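Comments concern the structure below.
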2 protein chains.
Amino acid sequence: MSKSTSKPITLKQVAAAAGVSLSTASRALSGKAEAYRISSTTEKSVRDAAKKLQFSPSLLARSLRSQRTKLWGIVLPNIANPFFAAIAREIALTAEENAFSVLITDSQENSETEVHLVEQLLARQIEGLIVCPVGIRNQHLTKIAKQKLPLVLVDRGFDHKDLVTVTSDHRAGARAATKLLLESGHRTIGILQGLPDTLPNTERLVGVREAFALQNIAFDPALIAGNHFDETSGYQAAGKLLSEYPEITALFAFSNQNALGALRAAGELGRKIPDDLSLIAFDDHPFAAYLAAPLTSVNQDVSQLGRVAARLLMGQIKTGALPEERQHRIPVQLMIRASIMKIG
Amino acid sequence: MSKSTSKPITLKQVAAAAGVSLSTASRALSGKAEAYRISSTTEKSVRDAAKKLQFSPSLLARSLRSQRTKLWGIVLPNIANPFFAAIAREIALTAEENAFSVLITDSQENSETEVHLVEQLLARQIEGLIVCPVGIRNQHLTKIAKQKLPLVLVDRGFDHKDLVTVTSDHRAGARAATKLLLESGHRTIGILQGLPDTLPNTERLVGVREAFALQNIAFDPALIAGNHFDETSGYQAAGKLLSEYPEITALFAFSNQNALGALRAAGELGRKIPDDLSLIAFDDHPFAAYLAAPLTSVNQDVSQLGRVAARLLMGQIKTGALPEERQHRIPVQLMIRASIMKIG
DNA sequence: CTAATATGCACAATCGATTGTGCAAAGGGG
DNA sequence: CCCCTTTGCACAATCGATTGTGCATATTAG
């Protein structure tokens, strides 16, 4: 195979076919004929030769020379997760509109991997980078910002004046969800949290506390459990909370995966939703409405998240400057269904 | 920003810092010191200089020279779809293991876009390509195969002796699903199909017919409806079939999105699952078990699909030859839950 | 002590494009 | 008829690496 691979056509061959020099061929094809006084007959003969040979310029060579790769890099914790996949898609589509290609990578929620991937992307001379950081380390990101490489953090961020971030309004969403539970009469509410110390998790906890404070109700931190955004964490946390605190009447899951785990745990403990237990989740899901108990949830506008991130990146590349606003918050929306029961 | 961007360190600067020539620096860093008789002291001084300057070689330049980009291209119809996202992930992880990077693109189920994306990827001199073709056109793909560029088709394929494809065993899966319905006593079964004339859809229809034939039961093609793998198609097809043929006792949805639509349509028509209507779907889903009626489905091993595709690609790149077997079928698995009721 | 070999490294070509500059030939004015 | 301007294009450097070859100096053999 390698032997007989037909090498791609180069500009040299086109130039030879048209009987002109390399430089003339280049200029004829890149629309600079007039600026460099290439006659229209010559231009046409070059174009014809290029078409006949099916010439397609090597973006590699062009990038090397022009120092512009037309490449973006993306690092996400798990591209199979529909949430990140949706973000990736919006970025990919926006990139395509702007003639960029995207190197999409998966850090597997591992900080070392993330650092390594970022380095690898930089070695490929990407012109912009979008990262959803695992969150343990961030020097590699602030360093990039210092080097003035356009960078946008999405979903999770850091509080840093030079870091452009796009996140959902986790705080407002969690506040609204909690408020809904409180107004439905729930007082003992278990919180199934995700990865601690990540921005979404922290902000959501703040939102929960705010809602309690607004109603002058005491919040018991002992009712927080869980350590990941996945199904297992939700399952274990729900099981633990429901066993230790049977008086819990409602659970707030910080992800739909957590909610899934909660559903399983509740089922095993014989607690029916919503009759014996109310449930609300952060993150909506297409199937949420079709569950045994249609799930009330906080819907993140994931597409918007990706689109705004991509636009902010494109903006930095075009203007060469950081946007005025650094922290962008995308509004969330409460999807009220049937998994919450009024009590008391 | 663009002005003050600190340019990356080049090998030239490292060579200068170490007081050696470019070629020596290159050889010292690429482990060819011995082969080219670079003294170990010189080698060390180059390595030190490189480390001090934080030198990272330009993959762009290296690729141009070596004619090896270490790049893969992927074209999928919709990377936000969890099915394709899972495939993309396995490919990305396998690529990473082999020091490749992946350009992931989204054809939006549009054949023109697909052709364009493939061209764009080729212009970047990718070393391998994985495509899930929209299915309308295929000359661009056979052409690539003829040019000996490693290519693997995934999920959907063409019957062509030089095209390497990896798909689920759609036929066996559909046959098993249909058999289950027939054995449960169902005779009037509505088929909610996906995009017609795509390989998965066609093969699944074949599987359905085979199951009927095996039991010597006549199959009525009028009971096939739908034209896409999405929720809307499932909704409309189910609505149409259930209205026109109220005697239908079971639906076979060709995707979980189709099933979702069927769920909605059935709900609106007042038919409860599984009591008034049985339902089975192609494609499992994490939420399937938690639905009002836990959904029986045919589970595709999506990760395996992606992994096998990536390995076949890597194999072609390493050996420079096509694999012996061209058509790879990944087994599917029946997930029996509660959405089917025995009748008759 | 000289010739042959070994050692250590630099020079320069190359990958495929872009781009500043220079040199002919054609055209125009006096 | 000569000079000057314009037209039309080619030459060569460049981006940042890799790699074949050649030339010194050091070492060893005879």
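This structure is a prediction, so every number in the text was calculated from the model and none was measured. Within every chain, numbering begins at 1; the chains are lettered A, B, ... in the order of the sequence lines, protein sequences first and strands thereafter.
The nucleotide whose nearest atom lies closest to any side-chain atom of B:V20 is, among C:dA13, C:dA17, C:dA10, C:dA10. For B:R62, counting side-chain heavy atoms from C-beta on, the closest listed nucleotide (C:dT18, D:dT18, D:dT7) is D:dT18. Picking from C:dA17, D:dT19, D:dA10 the nucleotide with the shortest atom distance to the side chain of A:S58 gives C:dA17. With distances taken from any side-chain atom of A:I38 to the nucleotides D:dC9, C:dT19, D:dT19, the minimum falls on D:dC9. Closest contact between the side chain of A:A61 and the listed nucleotides C:dG16, C:dC11, D:dA17 involves C:dG16. Out of D:dA17, C:dG16, C:dT19, the shortest distance to the side chain of B:Q67 is found at C:dG16. Taking the side chain of B:T24 as heavy atoms from C-beta on, and the options D:dG20, C:dC9, C:dT18, the nearest nucleotide is C:dC9.
Here C:dG16 presents its P atom at 16 Å from CZ of B:R68, a figure rounded to the nearest Å. With rounding to whole Å, B:R37 atom CZ is found 14 Å from C:dT5 atom P. Atom P of nucleotide C:dC15 and atom CG of A:L22 are separated by 11 Å, given to the nearest angstrom. Atom CZ in B:R124 sits roughly 14 Å away from atom C1' in C:dA17 (whole-Å rounding). Rounded to an integer number of Å, the gap from A:L59 CG to C:dG16 P is 14 Å.
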Steps toward side-chain hydrogen bond (donor to acceptor under 3.5 Å, both in side chains) verdict (B:Q125, B:T69): CA-CA 7 Å; B:Q125 261 109 307; B:T69 53; over 6 Å; no
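Each of A:N138, A:L312, A:V164, A:L141 was evaluated against A:L153; a single residue qualifies, A:L141, per the side chain to side chain contact (heavy atoms under 4.5 Å, CB included) test.
A donor-acceptor contact shorter than 3.5 Å is absent between the side chain of A:E109 and the backbone of A:P77. In terms of modelled atom types and a separation under 3.5 Å, the side chain of A:S63 and the main chain of A:R68 share a donor-acceptor contact.
The ring-ring contact (aromatic ring centres under 6.0 Å, His included) check on B:F100 picks up B:W72, with sequence neighbours excluded.
Taking 4.0 angstrom as the limit, A:S66 places none of its side-chain polar atoms (N or O) nearer than this to OP1 or OP2 of C:dT18. Between C:dT18 and A:K32, no contact under 4.0 Å exists linking OP1 or OP2 to a side-chain N or O. Under 4.0 angstrom from either OP1 or OP2 of D:dG20 there lies at least one side-chain N or O belonging to B:Y36. One finds a side-chain N or O of A:T42 lying less than 4.0 angstrom from the OP1 or OP2 phosphate oxygen of D:dC9.
Judged by atom type and distance alone, B:S21 does not reach the base of C:dC11 through any side-chain donor-acceptor pair under 3.5 Å. For A:R27 against C:dG20, a side-chain-to-base donor-acceptor contact under 3.5 Å is present.
Take the nearest nucleotide of DNA chain C for B:S39 and for B:L64: the residue whose nucleotide is more 5' is B:S39. Residue whose closest nucleotide on DNA chain C sits further toward the 5' end, between B:S40 and A:L11: B:S40.
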